[in-house]
Amino acid sequence: CSLGQSLEYYKNIKYYLGNSYRNALSALRDAACFSQICDEFADDPIFKISLLRERDADTALQFAQYALAGYDYKADREFVYRTNMPYAPNNAVSVRFNFGQVYDKDNLDRIIAIIGNNGVGKTTLLSKLVESLVSRNANDFSPQMPVFSKVIAASYSIFDKFYNINQTSYNYLYCGLRASENTLLTEKQLVERRKESSLLIKNNERRCRILLNCMEKIMPKDIFEELFDDTGEFQENEYIKIHEQLSSGQKMLMNLIINIIGNIRPNTLLIIDEPEVHLHPRGITEFVALVDKICRDYDSCCIMATHSPIVIQELLSRNVIIMDRDVDGSPIVRPMRLESMGENLTTITQEIFGRDNNEPIYIKKIKRLVGKSSSLEDIINSIQNNNVPISMPLYLLIDKYFTEKKDDKS
């Protein structure tokens with residue numbers, strides 16, 4: 001491989017060669033322009049000694065892609081993506097993404113969530129976005145194609161559409177369950193992929209530290225102590241031994257975090273489809289926090305497609321994209337109409353999914369109890385369990401229906 005020793009090197013190549021600069025840098029196997037080449041050598045001590053001996057060279061490795069694209073790396077990572085979607089008028093839909101200043105450690109906008117009912121096109125939109133990035137379809141973006149050094153698509157849905165995106169010179173990695181349209185990866189294949197990621201972590205002190213910090217937060221203490229030795233190194237063999245003791249949620253979380261940490265690099269775009277699968281509510285909150293930390297550590301950002309209001313509760317409303325369908329079936333993209341961060345989950349759910357015309361089952365049960373009971377106390381006694389007091393909203397609901405029943409009789 002090769003590496004220019006300053007940003008001026010890349011600016012000059014772009015100036016003299018114009019749009020053919022990629023062909024020249026490809027022939028030189030340039031590690032700054034082609035980040036997948038950098039991934040092959042980044043942990044090699046010879047690469048560091050020979051090509052990164054000067055500070056300007058390290059700067060060139062990190063920011064050359066911006067210089068070649070004519071992009072200010074300090075600016076907001078903001079762009080509009082336009083693509084064809086099923087059922088859309090003229091088959092087109094536009095979505096604005098703004099990840100803020102990704103190199104600012106205090107950035108609140110690293111994670112963007114796309115949420116909506118089943119069938120509105122969330123996964124389709126993200127798979128098309130990845131395909132446009134990997135294929136370098138600059139016409140799909142405005143004002144210009146965003147600069148990412150790598151895209152990682154992670155999914156534990158068996159219906160994802162990221163597996164068949166053809167990789168070109170773009171640094172793209174698929175971490176999902178699918179091997180092809182009709183087959184899933186075997187357990188052996190999933191283990192081999194995790195082992196490869198574990199090896200990448202083992203050979204990099206920084207990745208080891210980040211993995212240890214993440215696992216300490218999400219794993220029970222006894223399991224955590226088995227997974228890491230006294231030096232903080234992850235023990236893949238120990239993980240295989242205790243694998244069957246873990247819940248499906250713990251397995252998914254472990255594999256996902258290991259694959260991400262093992263393969264992420266600075267300025268990566270993570271695409272995560274339905275992270276709530278197999279996770280309990282607290283696990284969802286912990287996962288969002290871990291993704292935010294990993295992205296912060298690697299100056300990266302993330303888009304999540306989700307059905308979970310818990311994910312939305314962790315994000316500012318400006319980082320939430322709601323997808324829905326119009327009466328004619330065409331997709332609608334709209335923002336939140338209230339501040340989502342820290343908001344009540346019921347309120348978030350109603351804002352995103354609307355009020356259902358179907359009566360909730362608990363109301364039907366309360367109405368039946370009211371209909372056959374002679375007093376408010378009888379209803380409360382039949383509901384109370386182990387001296388656990390009923391909530392005030394439930395009490396007011398019972399009182400409302402019981403009062404209406406007495407008014408009807410009078």
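- Distance CD1/I264 to CG/L173: 11.0 Å, rounded to 0.5 Å.
- Looking at K161 and D273, no side-chain N of the basic residue comes within less than 4.0 Å of a carboxylate O on the acidic one, giving no salt bridge.
- For I46, the CD1 atom is loosely surrounded, since the number of other residues' heavy atoms within 6.0 Å does not exceed 12.
- With respect to D39 and R265, a salt bridge is recorded, a charged nitrogen being found less than 4.0 Å from a carboxylate O.
- The ring pair (Phe, Tyr, Trp, His ring centres under 6.0 Å) search around Y81 returns F141, not counting sequence neighbours.
- Between R282 and E286, at least one side-chain N (NZ, or NE/NH1/NH2) sits under 4.0 Å from a carboxylate O, which counts as a salt bridge.
- Taking all atoms of both residues into account, the shortest heavy-atom contact from T268 to F148 is C-CD2, 4.4 Å.
- The pair E233-K202 meets the salt-bridge criterion, with a side-chain N (NZ, NE, NH1 or NH2) lying under 4.0 Å from an Asp/Glu carboxylate O.
- The number of heavy-atom neighbours closer than 6.0 Å to CD of E40, taken from other residues, nucleotides and ligands shown, is above 12.
- Aromatic pair F63/Y103: centroids less than 6.0 angstrom apart.
- A salt bridge links E238 and K241; the closest N-O separation between the charged side-chain nitrogens and carboxylate oxygens is under 4.0 Å.
- Within 6.0 Å of NZ on K221 lie no more than 12 heavy atoms contributed by other residues, nucleotides or ligands.
- Closest approach of I284 and E276 over heavy atoms only: CD1-CB, 3.5 Å.
- For the pair R193 and E196, the salt-bridge criterion is not met [side-chain N within less than 4.0 Å of a carboxylate O].
- Salt-bridge check for E339 with R318: failed, with every basic side-chain N at 4.0 Å or more from each acidic carboxylate O.
- Comment: E236 engages R194 in a salt bridge, judged by a side-chain N to carboxylate O separation of less than 4.0 angstrom.
- Applying the ring pair (Phe, Tyr, Trp, His ring centres under 6.0 Å) criterion to Y239, with sequence neighbours excluded, gives H243.
- A salt bridge between R296 and D292 is present, with a side-chain N of the basic residue lying under 4.0 Å from a carboxylate O of the acidic one.
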Task: Worked verdict on K128 versus D140 for salt bridge (charged side-chain N to carboxylate O under 4.0 Å, His left out) - done: CA-CA 10 Å; K128 284 179 169 290; D140 295 341; over 6 Å; no

